[in-house]
Amino acid sequence: MSDWIAYDRWPECAGMERPGYVFEVKNAEGQSLFTNCTVPLQLPFDWKSPPLHFRLIAAPPARHSGPMPKPQGQR
């Protein structure tokens, strides 16, 4: 993992992107967002404080979802 970078440098994220890595963006409340470089960054609706810093981290492994439930009324 890399060191935290001040969020005011977010527009430079395109030059930092690497295959197999994503950015972790963190706000003052400790909430984290894992994202690719998109300028401007779309923040989650429930964030009450703006982002403070970000860092490049290895992308988390893909997860398989559970099976889809059968439609109601069918067996």
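The analysis underlying the following values was restricted to heavy atoms, covering all of them including side chains, and did not include hydrogens, waters or symmetry mates.
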Between atom CG of Asp8 and atom NE2 of His53, what is the distance when rounded to the nearest 0.5 Å? 12.5 Å
Identify the two heavy atoms, one from Thr38 and one from Trp10, that lie closest to each other, and give their separation to 0.1 Å. O-NE1, 3.0 Å
State whether the number of non-hydrogen atoms from other residues, nucleotides or ligands found under 6.0 Å of Tyr7 atom OH is greater than 12. yes
Summary of disulfide bond (SG atoms under 2.5 Å apart) pairs that have at least one residue in residues 5-61, sequence neighbours excluded: Cys13-Cys37
side-chain hydrogen bond (donor to acceptor under 3.5 Å, both in side chains) against Thr35, all qualifying residues, sequence neighbours excluded: none
Using the side-chain hydrogen bond (donor to acceptor under 3.5 Å, both in side chains) criterion, which residues pair with Ser32? Sequence neighbours excluded. Glu24
Heavy-atom closest pair, residues Val25 and Pro51: CG1-CB, 3.6 Å
What residues, two or more places apart in sequence or in another chain, satisfy side chain to side chain contact (heavy atoms under 4.5 Å, CB included) together with Ala28? Ser49, Leu52
Is the shortest heavy-atom distance from the side chain of Met16 to the side chain of Phe23 under 4.5 Å? yes
For residues 39-48, please give each side-chain donor-acceptor pair under 3.5 Å, one per line with the distance, not counting sequence neighbours.
none

I need the full list of salt bridge (charged side-chain N to carboxylate O under 4.0 Å, His left out) pairs touching residues 11-21, with sequence neighbours left out, sorted by first then second residue. Arg9-Glu12
